[in-house]
Enquirer: 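Would you mind keeping the following structure in view while I ask a few things?
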There are 4 protein chains.
Amino acid sequence: MPKMGMKPVRRGQLIGATIQTIGELGFADASVIKIAKRAGVSPGIVHHYFADKNALLEAAMRDLLSQLRQSVIKRLDLASTPMERLHAVIDGNFAAEQFHTTTVAAWLAFWAQAIHNPALRRLRLINASRLRSNLRHEMKALVHPDRVSNATFSLAALIDGLWLNAALSSQTIDAGHLSAIARNHLGTLLTPPPPPPIPSLEHAHA
Amino acid sequence: MPKMGMKPVRRGQLIGATIQTIGELGFADASVIKIAKRAGVSPGIVHHYFADKNALLEAAMRDLLSQLRQSVIKRLDLASTPMERLHAVIDGNFAAEQFHTTTVAAWLAFWAQAIHNPALRRLRLINASRLRSNLRHEMKALVHPDRVSNATFSLAALIDGLWLNAALSSQTIDAGHLSAIARNHLGTLLTPPPPPPIPSLEHAHA
Amino acid sequence: MPKMGMKPVRRGQLIGATIQTIGELGFADASVIKIAKRAGVSPGIVHHYFADKNALLEAAMRDLLSQLRQSVIKRLDLASTPMERLHAVIDGNFAAEQFHTTTVAAWLAFWAQAIHNPALRRLRLINASRLRSNLRHEMKALVHPDRVSNATFSLAALIDGLWLNAALSSQTIDAGHLSAIARNHLGTLLTPPPPPPIPSLEHAHA
Amino acid sequence: MPKMGMKPVRRGQLIGATIQTIGELGFADASVIKIAKRAGVSPGIVHHYFADKNALLEAAMRDLLSQLRQSVIKRLDLASTPMERLHAVIDGNFAAEQFHTTTVAAWLAFWAQAIHNPALRRLRLINASRLRSNLRHEMKALVHPDRVSNATFSLAALIDGLWLNAALSSQTIDAGHLSAIARNHLGTLLTPPPPPPIPSLEHAHA
DNA sequence: AATGAATGAGAATTCATTCAT
DNA sequence: AATGAATGAATTCTCATTCAT
């Protein structure tokens, strides 16, 4: 009698092993054989649960995105004001569990590969537009309509940039610090720009 | 004697072909054979000019970094005030020639791979610290000493984040727009945060 | 489940094919592809059973050595006196099955390569010291202690030399003849050297 | 004006580099490029002085054989009695200059390869028969006609075996010791076998 | 459900050789 | 005479995938 319902278990094992392997070795060196070995299963079984390597990669990226989304949603549920909701998005993106070295490296690998892989690209687009949509919705309540688009774009870029710097840095990541910087940036987006302090600087902007 | 002075020519061809190939196919699918084919030479000749694939990749990344640096330096030479110099750094990073689709994709691929490849990692670190050092030096002239570090970190992250978004976006990149956003962010870093304008917003911060 | 227990079968096939191929083509021309072809398997499978080419070569040499050892041990089991045991060692080394042309050629190839390959070198050293130890132990019972070392060295060298001449000769090998020569040499080692027959010859030795 | 008569010089350089390279790396790893590099010339020039790699290898082996022959001939010129001449052959084979590690390793490599390479095989056969012929001629003056053949064969084999052991040994080679063992063996070949010392041993011989 | 045997393509790299200069 | 650029084949090894069991 076969073990029942192994499907989700095995899939989870393989997805986890995929993220780990990509995070540790990079996309180019993450072979099915290595992933299977890390998952503690035979290489043959991978194709029993996933159509091909691409399907496995897609599932892995979907898992990463889903974890991130959960991290944000969890915090959104506790927020009530627009500002709180924006902080929730920021903090959700910088949640501690998102910063394990291998996970961050896997993220970057997926981003790089998504340029060339349509399935991954689609996943990333869906996620990115969802994030933008979240941000934009709250921004509308806080900034002038003319500035919503830029403010959203700017905050989203800063979040990504902070993440990227963390991914590439060899130092341990202080998620709180990243969050604070993003919150601070958000603060400046909300307030009207102060009058130019000194003429010379104003000149420099031109 | 053989055709003299082919070395720099071939090396340049191969480096260009490498960046193109990585940009189009991604790191994982950029094989020496494909690179050689794109450069219009035989696969064997690659190892006549580069010790191994890694040396070729390193040279390609070095080339990308060098182009970026030139782009910044060119603008720094025309700048005189600290603010102008910061704008030079921003604009240099967002120069039009830096935004060809394949080039940007190659950049991302190198960043992702740099996590796992010591030689690439070293190159990236050198470049990153040079950028930081440039920014920090000018920041010191413009913001309170206590805020130099954070301001530098924040601006550098935003530059990277804007770049990353451009890299991943399928839309054509408007470098001027990215520059404007970064300049605007820089503006907010320089000025002291204004007093909370209205109580309701203050409440939203809580 | 896959075809079970293929491991020892395939390994045996591949080892046999390796010895055959090296024996026929020499070390330099024995490629993994040719070996696989001779074994009737695909080139890829070789690395499923052996870590790399070196491991395959090592296994092949180990096999040759083991066959030789068995040939000696089989005869040692039937011997009772020291002299019989020495003859067993000689005859074991010159057993007919050790003289198939390809096998002898493989032996020579391995010896030559062992100089440059640490793993093969180690195998050869283990085997050589085992042979010496066997010989020395029996020699102790038959010759004066002062002469054990030289007698052992001399007999071992003669065995190797006879083998080598056979290996390089294009004529069919008469193992019995080689054995007889070695036994004869052994006989001279056992007896005290006769007094110098004529002074002039003694002088020539000096 | 081109340098005149470079031909023998370059050929000599290349032959020396070939022997060195084969001795250090083995036959399989001695490529034309490596040989040229060691000789301090470009890889292209090799084919200006030698038809192909095989011709270079053949010339190198011919050089080794010639050196050995010179070593013997030099000593033969000083010898007058048959025994002295046999000693000259032995000592010539074990001359110190023949025992540089790389040279001995090159010898072994050539022997192994000679099995598969007709040109090398021919060279080796010519040399071997010359050595045999030398030995046999002198043996005829010293031993009973019925034993000339075996005595020659035995002595030649011992010389080769001692050499082989030296080649494979990691220890420094004591050429004098090898010479002494061969001379001693020769001594036993010349004298009539003594009467059996004890019946039991005689029985063991049967 | 699961194994691991097996394949054949493709990877990086090295090679002997040729050739324009 | 000599260089080193250039080729295309061959090398070892890894890969995704299939399949009998």
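Not measured: the values here are computed from a predicted model. Both backbone and side-chain heavy atoms feed into the values below; hydrogens, waters and symmetry mates do not. Residue numbering restarts at 1 for every chain, and letters A, B, ... go by the order of the sequence lines.
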Enquirer: Tell me the closest heavy-atom pair linking B/Ala30 and B/Ile22, and the distance in Å.
Expert: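 It is CB-CG1, 3.7 Å.
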Enquirer: Just jot down the side chain to side chain contact (heavy atoms under 4.5 Å, CB included) partners of A/Thr101, sequence neighbours excluded, or say none.
Expert: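 Per chain and number, A/Thr101 pairs via side chain to side chain contact (heavy atoms under 4.5 Å, CB included) with no residue.
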Enquirer: Indicate every side-chain donor-acceptor pair of residues 38-46 of chain D with a distance under 3.5 Å to a residue at least two apart or in another chain.
Expert:
residue	atom	partner	partner atom	Å
D/Arg38	NE	D/Thr21	OG1	3.0
D/Arg38	NH1	D/Glu24	OE2	3.4
D/Arg38	NH2	D/Glu24	OE1	3.0

Enquirer: Taking side-chain hydrogen bond (donor to acceptor under 3.5 Å, both in side chains) as the cut-off, I'd like each qualifying pair that reaches into residues 103-118 of chain C, sequence neighbours left out, listed once.
Expert: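 Sorted result for residues 103-118 of chain C: C/Asn54-C/Asn117.
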Enquirer: In residues 112-124 of chain A, which residues come under 4.0 Å of DNA chain E by heavy atom?
Expert: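 Output list: empty, so none.
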Enquirer: Rounding to a whole Å, what distance do you find between C/Leu25:CG and F/dA10:P?
Expert: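 Distance, rounded to whole Å: 15 Å.
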Enquirer: Taking only residues two or more places apart in sequence, or in another chain, which ones meet A/Ala28 in a side chain to side chain contact (heavy atoms under 4.5 Å, CB included)?
Expert: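 Once residues adjacent in sequence are excluded, the partners of A/Ala28 under the side chain to side chain contact (heavy atoms under 4.5 Å, CB included) criterion are B/Ala28.
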Enquirer: Figure out the CZ/P separation between C/Arg11 and E/dA6, and round it to whole Å.
Expert: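 In whole Å, E/dA6 P and C/Arg11 CZ are 14 Å from each other.
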Enquirer: To the nearest Å, how far apart are B/Lys37 NZ and F/dA6 P?
Expert: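 About 18 Å, once rounded to whole Å.
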Enquirer: Take atom CZ of A/Phe27 and atom P of F/dC15, then tell me their distance rounded to the nearest Å.
Expert: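 Rounded to whole Å, this separation is 14 Å.
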Enquirer: Tell me whether the side-chain N/O atoms of B/Arg10 come closer than 4.0 Å to OP1 or OP2 in F/dA6.
Expert: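 Checking F/dA6 against B/Arg10, a side-chain N or O does come within under 4.0 Å of OP1 or OP2.
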Enquirer: Applying salt bridge (Lys or Arg N to Asp or Glu O under 4.0 Å), can you list everything that pairs with C/Arg62, at least two apart in sequence or on another chain?
Expert: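 So C/Arg62 forms a salt bridge (Lys or Arg N to Asp or Glu O under 4.0 Å) with C/Glu58.
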Enquirer: Among residues 48-61 of chain B, which contact DNA chain F at a heavy-atom distance under 4.0 Å?
Expert: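 Only B/His48, B/Tyr49 qualify.
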Enquirer: D/Gln67: which residues meet the side-chain hydrogen bond (donor to acceptor under 3.5 Å, both in side chains) condition with it, sequence neighbours left out?
Expert: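 Scan of D/Gln67 (side-chain hydrogen bond (donor to acceptor under 3.5 Å, both in side chains), adjacent residues dropped) gives D/Asp63.
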Enquirer: Within this structure, what is the CG-to-P distance between C/Asp29 and F/dA9, rounded to whole angstrom?
Expert: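 The distance from CG of C/Asp29 to P of F/dA9 comes to 18 Å, rounded to the nearest Å.
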Enquirer: Residues in side chain to side chain contact (heavy atoms under 4.5 Å, CB included) with B/Ala60, at least two apart?
Expert: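 In terms of side chain to side chain contact (heavy atoms under 4.5 Å, CB included), with neighbours along the sequence ignored, B/Ala60 is linked to B/Ile15, B/Thr18, B/Ile19, B/Phe110.
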Enquirer: Can you pull every protein N or O that's under 3.5 Å from an N or O on nucleotides 8-10 of chain E?
Expert:
none

Enquirer: Which dot-bracket notation, 5' to 3', represents the base pairing of DNA chain E when pairs are defined as Watson-Crick or G-U with both distances under 3.5 Å, crossing pairs as [ ], and inter-strand pairs as |?
Expert: .||||||||||||||||||||
Enquirer: Taking the nucleotide of DNA chain E with the nearest heavy atom to each, does D/His47 or C/Gly40 sit closer to the 5' end?
Expert: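 It is C/Gly40, whose closest nucleotide lies nearer the 5' terminus.
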Enquirer: Please report the shortest heavy-atom distance between C/Gly23 and C/Ala105, naming the atom on each side.
Expert: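 Closest approach of C/Gly23 to C/Ala105: O-CB, 3.3 Å.
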Enquirer: Can you list every pair that meets salt bridge (charged side-chain N to carboxylate O under 4.0 Å, His left out) and has a residue in residues 11-21 of chain B, with sequence neighbours left out?
Expert: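 As it turns out, there is no salt bridge (charged side-chain N to carboxylate O under 4.0 Å, His left out) pair with a partner in residues 11-21 of chain B once direct neighbours are skipped.
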Enquirer: Can you see which heavy atom on A/Ala59 is nearest to which on A/Phe50, and at what distance?
Expert: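 Looking at all heavy atoms of both residues, the shortest contact is CB-CE2, 3.6 Å.
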Enquirer: Identify the heavy atoms of C/Ile115 and C/Arg121 that sit nearest to each other, and give their distance.
Expert: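 The pair with the smallest heavy-atom distance is O-NH1, 3.2 Å.
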Enquirer: Within a strict 4.5 Å, meaning less than it, do heavy atoms of the D/Leu108 and D/Leu168 side chains meet?
Expert: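 In short, these two side chains touch, coming nearer than 4.5 Å.
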